[in-house]
Amino acid sequence: MPELPEVETVRRALLPAMQGRKITAAFVGRDDLRWPLPPDLADRITGRHVAGLDRRAKYILIRLSGDEVLLLHLGMSGSVRIHHTPPQLAKHDHVMVEMAPDATGQPAFVVFRDPRRFGWIDLFSATAESQHKLLANLGPEPLGNEFSPAYLAACLKTRTGPIKTVLLNQQLVAGLGNIYVSEALFRAGISPRRRASSIRGVRADRLATAIIDTLRAAIADGGTSLRDHVQPGGDIGYFVQRLAVYGRAGEPCPTCAAPVQSLVQAGRRSFYCSHCQR
DNA sequence: CTCCTGACCTGAGTGC
DNA sequence: TGCACTCAGGTCAGGA
């Protein structure tokens with residue numbers, strides 16, 4: 001479900017609810033999601049303060065006092081909701097943390113829901129972060145300084161697969177998923193079937209810019225709500241209204257009005273305009 | 001290395 | 001209503 005913009009939306013919403021506050025209680029409703037949860041997770045985070053919240057690719061990193069890091073990945077169907085009174089937990093609400101009241105006396109209850117349980121949670125020492133199996137091999141952040149047209153062009157140069165599947169590789173660029181790859185390729189006017197190594201020069205520049213612009217616009221709208229994603233405050237992600245091609249097979253291309261096409265590549269659906277994207 | 005498939009899991013939607 | 005089937009925003013392990 002959640003790609004970079006949705007995860008960033010969650011992080012930003014969690015800031016006021018968690019940053020600088022103490023975890024006063026934690027509930028963990030099962031012992032595994034995609035993988036086993038850390039043993040004694042609830043006990044190990046209760047009583048700690050939240051020093052900060054970062055995002056890396058599609059992971060949220062909650063920095064706790066005592067140099068511990070609580071890592072959260074939302075998988076396909078994960079979502080986070082913030083409540084200010086004790087919520088009634090539903091079937092797929094697996095974890096809840098209660099935060100000490102803020103300056104106005106308002107507590108916060110942060111609930112992690114994940115019906116398909118493709119998400120995961122880990123807890124580890126901050127010193128182990130750079131070697132963490134899930135973090136160590138991630139490529140640069142597309143909205144960070146390391147990502148540039150030159151970097152992208154260098155990555156694509158040796159890749160023989162279609163650009164659609166190459167851009168889903170988190171080791172090259174971290175945080176893109178199925179929605180934003182389709183949208184960025186549309187913005188760049190590049191066909192999802194095009195061999196990655198054939199994208200050079202101006203086309204690579206245009207693609208890098210399209211990736212950045214698409215992600216920024218989606219973050220500004222609170223992400224894209226299709227099925228599961230809601231912002232932690234309960235709002236939908238409004239970028240769904242701006243999708244040009246994703247999920248719109250048969251509808252008119254917003255540029256040329258030709259019907260949007262779709263195909264499956266490496267098991268994932270792609271959407272594109274065969275007239276505007278070459 | 002790179003590329004693809006299958007696996008993990010539930011729920012929503014569709015067609016009969 | 002019910003059943004069978006397909007598909008869904010991710011990514012890892014395993015094999016070619």
Side-chain angles (χ1 to χ4, degrees), chain A residues 1-11 29-37 55-60 71-80 90-94 112-122 132-139 142 154-185 192-193 195-197 211 214-215 218-219 221-232 236-250 262-271:
Chain A
M1 152 213 157
E3 306 179 31
L4 188 155
E6 291 73 40
V7 178
E8 179 62 18
T9 297
V10 170
R11 186 192 73 86
R30 52 182 302 132
D31 59 11
D32 69 321
L33 290 170
R34 176 169 180 171
W35 291 312
L37 292 173
R55 180 189 55 71
R56 177 76 176 103
K58 299 170 190 170
Y59 296 92
I60 291 174
L71 172 146
L72 178 64
H73 192 292
L74 302 176
M76 289 275 266
S77 60
S79 63
V80 172
K91 186 174 178 186
H92 300 296
D93 293 338
H94 306 305
F112 174 59
R113 170 179 299 185
D114 186 4
R116 294 177 71 183
R117 304 202 299 276
F118 284 175
W120 56 91
I121 292 175
D122 200 5
H132 193 283
K133 186 183 162 194
L134 301 169
L135 303 175
N137 297 318
L138 292 170
C155 281
L156 302 184
K157 204 172 173 179
T158 60
R159 304 280 161 166
T160 56
I163 186 63
K164 161 68 192 304
T165 54
V166 168
L167 289 178
L168 288 175
N169 183 344
Q170 303 296 299
Q171 298 188 21
L172 302 184
V173 184
L176 291 173
N178 215 31
I179 296 177
Y180 298 109
V181 168
S182 276
E183 292 296 309
L185 287 172
R193 322 168 81 126
R195 177 195 272 254
S197 60
I211 288 169
T214 302
L215 294 175
I219 291 170
D221 275 347
T224 298
S225 291
L226 294 178
R227 281 161 287 275
D228 299 298
H229 171 70
V230 285
Q231 302 191 46
I236 67 161
Y238 294 96
F239 195 74
V240 64
Q241 297 163 5
R242 296 192 207 279
L243 295 175
V245 288
Y246 184 86
R248 298 198 186 280
S262 91
L263 81 160
V264 173
Q265 298 175 285
R268 315 290 311 276
R269 192 153 288 277
S270 301
F271 298 89

May I have the distance from [X] (atom [atom1]) to [N] (atom [atom2]), rounded to whole angstrom?
X: A/Leu167; N: C/dG10; atom1: CG; atom2: C1'; value: 16 Å
X: A/Leu168; N: C/dA8; atom1: CG; atom2: P; value: 13 Å
X: A/Trp120; N: C/dC12; atom1: CH2; atom2: C1'; value: 8 Å
X: A/Leu135; N: C/dC12; atom1: CG; atom2: C1'; value: 15 Å
X: A/Ile60; N: C/dG10; atom1: CD1; atom2: P; value: 15 Å
X: A/Arg117; N: C/dT11; atom1: CZ; atom2: P; value: 19 Å
X: A/Gln171; N: C/dG10; atom1: CD; atom2: P; value: 16 Å
X: A/Phe118; N: C/dG10; atom1: CZ; atom2: C1'; value: 8 Å

Query raised in the report: Taking everything shown except A/Arg242 itself, do over 12 heavy atoms lie less than 6.0 Å from its CZ?
Result: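 It does not: A/Arg242 CZ has 12 such atoms or fewer within range.
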
Problem set entry | Start and end of chain A contact along DNA chain B [non-hydrogen atoms, under 4.0 Å] |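 Contact span on the strand: B/dT2 to B/dG11.
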
| said: Can you tell me how the ring of A/Trp35 sits relative to the ring of A/Trp120, calling it parallel under 30°, perpendicular over 60° and tilted otherwise? | reply: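 It falls in the tilted class, 30° to 60°.
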
### Task
For the residue pair A/Glu183 and A/Thr214, confirm or rule out a side-chain donor-acceptor distance under 3.5 Å.
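The criterion, which ignores hydrogens and geometry beyond distance, is not satisfied for A/Thr214 and A/Glu183.
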
Just to confirm, is there a sub-4.0 Å distance from OP1 or OP2 of [N] to any side-chain nitrogen or oxygen of [X]?
X: A/Arg269; N: C/dA8; value: yes
X: A/Gln170; N: C/dG10; value: no
X: A/Arg34; N: C/dT11; value: no

Closest-nucleotide ordering on DNA chain B, the 5'-leading residue of A/Thr158 and A/Ala266
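Residue closer to the 5' terminus by nearest nucleotide: A/Thr158.
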
As an exercise, state the distance from CZ of A/Arg248 to OG of A/Ser182, rounded to the nearest 0.5 Å.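 Between A/Arg248 CZ and A/Ser182 OG, I get 12.5 Å after rounding to 0.5 Å.
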
* Hey, what do you get for CG (A/Asp114) to CG (A/Asp228), rounding to the nearest 0.5 Å? ->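 Here the interatomic distance stands at 8.5 Å.
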
Across the strands shown, which category fits A/Arg159 at heavy-atom distances under 4.0 angstrom: base, sugar-phosphate, nothing?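 Sugar-phosphate, backbone atoms only, no base.
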
Kindly point out which of C/dA13, C/dA8, C/dC12 is positioned nearest to the side chain of A/Tyr59?
->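 So the side chain of A/Tyr59 is nearest to C/dC12.
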
* **Stems formed with participation of DNA chain C [Watson-Crick or G-U wobble, under 3.5 Å, three or more pairs]** =>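 Stems (3+ consecutive pairs) listed as B:2-8 with C:10-16, B:10-16 with C:2-8.
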
Taking all atoms of both residues into account, what is the closest heavy-atom pair of A/Gly78 and A/Pro2, and its distance?
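Smallest heavy-atom distance, with atoms named: O-CG, 4.2 Å.
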
Note to self: Here's a test for you: under salt bridge (Lys or Arg N to Asp or Glu O under 4.0 Å), which of A/Glu3, A/Glu6, A/Glu8 qualifies with A/Arg55?
What the structure shows: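 Going through the options one by one, the only one that passes is A/Glu8.
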
Fill in: Listed partners of A/Arg113 passing salt bridge (Lys or Arg N to Asp or Glu O under 4.0 Å), at least two apart
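Salt bridge (Lys or Arg N to Asp or Glu O under 4.0 Å) list for A/Arg113, sorted by chain: A/Asp93.
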
